[in-house]
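Only one structure is covered here, and it is reproduced in the block below.
Letters A, B, ... mirror the listed sequences (proteins, then strands); counts begin at 1.
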2 protein chains.
Amino acid sequence: MNTTIYDVAREASVSMATVSRVVNGNPNVKPATRKKVLNAIERLGYRPNAVARGLASKKTTTVGVIIPDISSIFFAELARGIEDIATMYKYNMILCNSDQNKEKEIHLINTLLEKQVDGILFMGGEITEEHAEQFKQASVPVVLAATLGEGHDIPSVNIDYQQAAFDAIHELIKEGHQQIGFISGPLEDPMSGLKKFNGYKEAFSSAGLSVREEHVSIETYTYDTGLESAQQMMESEQPPTAFFASTDEMALGVIHGLQDKGFNVPEDIEVVGFDNTRLATMVRPTLTTVVQPMYDIGAVSMRLLTKYMSKEDVGEHIVELPHRIEYRGSTRS
Amino acid sequence: MNTTIYDVAREASVSMATVSRVVNGNPNVKPATRKKVLNAIERLGYRPNAVARGLASKKTTTVGVIIPDISSIFFAELARGIEDIATMYKYNMILCNSDQNKEKEIHLINTLLEKQVDGILFMGGEITEEHAEQFKQASVPVVLAATLGEGHDIPSVNIDYQQAAFDAIHELIKEGHQQIGFISGPLEDPMSGLKKFNGYKEAFSSAGLSVREEHVSIETYTYDTGLESAQQMMESEQPPTAFFASTDEMALGVIHGLQDKGFNVPEDIEVVGFDNTRLATMVRPTLTTVVQPMYDIGAVSMRLLTKYMSKEDVGEHIVELPHRIEYRGSTRS
DNA sequence: TTGTTCCCTTGAAACTTTTTAAAAAAACTA
DNA sequence: TAGTTTTTTTAAAAAGTTTCAAGGGAACAA
């Protein structure tokens, strides 16, 4: 049997309430008493029971984190940002993989609420009505990280994906490219898919160019897709002279697909990625990419959540972090 | 205020005990009563409070996972294996980053025990006396994943790192190499450092060769170190004709370092990595590497932990999973 | 038909460990 | 010495689980 606050109280001949005060650093304790209690704690090797504390105080100092896939380099980096800030504010995190599966997501939200987490940090694809409904009823704050909650007025931290994609494509067009391959996964993912595609289209139309359907690949967000799609597009009648990929991993695929077919990057064809994961410098040529500050998004969203949890005043609920383009070897400029 | 089991009891005009039985699937409840209770639960939108349940039952269905760095591609993959199995057995995981810092590790163990986790899955570098002491006093089972607990008799799941490194080096020697660069981080890390270095030395001595000091780089486990160390070694009087790197990330560094200096891989120089992370196929040439089944190590170790937690019989406490070499483009054979 | 036994359900109450509000005691001040 | 203030204690509350006992029938024997 573990020693409880009650044992400590007896050992120090005080009441449990006093022990509780000492443990929680409440200043209304006479120094002599505090010392007595501290000694007893030491002697008995007392370790407070956070579950009982949670029940009594209705605070668990634990947050729930729902993430599509922790083994993805992108989300892993985000998670690290989250955890660092959580630790800083003395929270622990229960981490759950959802695979962006709606059933799982809803189920996880419920599990986390049962466990009485003090807040939820959600990463995912689409936020449906049902999601929004769950969040509304949640009784604890919810923050979205790298996830768009458009039209649902849910606190979130993102960059402007459309603008970011626009900037990248715009830059390529400015360099003289007219045929630019767009390599992406499903558009149902608003952040990785739709927004970037919109940015792509916007850049084209604002330059008076029209999008060629055969230069748009909407498959899966994988290296292999990047590789295959790029090769396929190079077979088309009017092959692209540059590529934009939704993720760095896809961009690596594109580069290798091109190299395998004998093209030189960036001399023959330029390639731009998205995210600036560690992969970007682990490829030859190194990858020019749109910088999405993953770690910061995680950190900022967690910080936002801590504010909600301690009922601090929050300025803007919808945070948009800055983005930029990091020029490396896969482009000429 | 949330609805409690008490509210449900009143609504269904039964006692809390009966509600508890229904919620927990206890069969000793008349179907009619069960239905009444289920209806009441539905009507009130009752959601059991896992904290109260944890206090009463002394089980939290939560495990603690201590990991050096979740943003590392290697550990992220392991974590995914852990979480999948945890989910399968209805556990959640509290994930904590330790940065392999001993103070942090000890502190995290204590925090997790305070939170009354049902078990701990530990990943780290060295297991010191103090670690072993903590684990012994822990009152809940502890399993090491991809972490050596030599001499401490702690359950663990690993591959035979020394043998694996031996196999790789042995193979290179068999192909005629006599000068083989060894690129590693600190040897304090038993698994990534020491064991592999021992395998390297063993392979050399068993072939009657002697290790050249200038062909051994012990720096940090990073891409940049791989890159720089490889380049440096190529300057040495008798440059290596092959490289073995402790991690895939370092191996990528090696390959790019060599390529940047104008060497061809594998024609001029062969390179072998370790781990078989997703990186291995995201480089040109693709990377020949020792396969360490990260996902499986995570999954198996979590499964082992579930057995301990439910007091099942466990056969072998120290599990050693098989390894093999995956031949790809960075070697000639 | 009545009495006894046994099983199935159910409820009452104890228990889990801590926080916290209210009350009491102690210490200090004027 | 009365009045404050500070410190400490008492006891309730948090939301469940679990043990034990008892009620209600059913089945069976007499």
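Taking CG of A:Asn97 as the start and CD of A:Glu105 as the end, the distance is 11.5 Å to the nearest 0.5 Å. One distance of note links OG1 of A:Thr147 with CD of A:Glu126; it measures 12.0 Å at 0.5 Å rounding.
Atom CZ in A:Arg10 sits about 20 Å away from atom P in D:dT8, given to the nearest Å. Following rounding to the nearest Å, A:Ile41 (CD1) and C:dT18 (C1') show an atom-to-atom distance of 13 Å. Taking atom CG on A:Asn26 and atom C1' on C:dT18, their separation rounds to 14 Å, with Å as the unit. Atom CE in B:Met16 sits about 8 Å away from atom P in D:dT17, given to the nearest Å. Rounded to a whole Å, the OH atom of B:Tyr6 is 16 Å from the C1' atom of D:dT17. One atom, CD of A:Gln116, and another, C1' of C:dT18, lie 15 Å apart when rounded to the nearest Å. B:Lys115 has its NZ atom 16 Å from the C1' atom of C:dT17, to the nearest Å. Spacing between atom CG of B:Asn49 and atom P of C:dT17 amounts to 17 Å, rounded to whole angstrom units.
Heavy-atom distances to DNA chain C give each of B:Val29 and B:Ser57 a nearest nucleotide, and the one nearer the 5′ end belongs to B:Val29. Toward the 5' end of DNA chain D, the nearer of the two residues B:Arg21 and B:Arg47, judged by each one's closest nucleotide, is B:Arg47.
Phosphate proximity of C:dT18 to A:Tyr46: present, with a side-chain N or O under 4.0 Å from OP1 or OP2. Dashed line: the shortest gap from a side-chain N or O of B:Ser15 to OP1 or OP2 of C:dA12 is not under 4.0 Å. A sub-4.0 Å separation between OP1 or OP2 of C:dT19 and a side-chain N or O of A:Lys59 is absent. In terms of phosphate contacts, A:Lys58 brings a side-chain nitrogen or oxygen within less than 4.0 Å of OP1 or OP2 of D:dA15. In this model, the phosphate group of C:dT19 is approached by a side-chain N or O of A:Asn24 to a distance below 4.0 Å at OP1 or OP2. Applying the 4.0 Å criterion to OP1 and OP2 of C:dT17, one finds that A:Arg53 has every side-chain N and O outside that range. Put simply, B:Ser20 has no side-chain N or O that comes within less than 4.0 Å of OP1 or OP2 on D:dG16.
If you check C:dT17, D:dT17, C:dT19 against the side chain of B:Ile5, the one that comes closest is D:dT17. Relative to the side chain of A:Ala17, the nucleotides C:dG11, C:dA21, C:dT18 differ in distance, and C:dA21 lies closest. Of the candidates D:dT8, D:dG16, C:dT19, the closest approach to any side-chain atom of A:Thr33 belongs to D:dT8.
Nucleic acid contact for B:Val14: sugar-phosphate only, since backbone atoms but no base atoms lie under 4.0 Å from a heavy atom of the residue. At the heavy-atom level, B:Thr18 lies under 4.0 Å from the strands shown only through sugar-phosphate atoms.
Taking the six-membered ring for Trp and the full ring otherwise, the centers of B:His152 and B:Phe135 sit at least 6.0 Å from each other.
Annotation: salt bridge (charged side-chain N to carboxylate O under 4.0 Å, His left out) contacts of A:Glu133 (sequence neighbours excluded): none.
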Polar-atom pairs under 3.5 Å, protein N or O versus N or O of nucleotides 5-8 of chain C: list them with distances, or write none.
none

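Comment: A:Lys195 does not engage A:Asp189 in a salt bridge, judged by the lack of any side-chain N to carboxylate O separation of less than 4.0 angstrom.
B:Asn28 and B:Arg21 share no side-chain donor-acceptor pair at under 3.5 Å.
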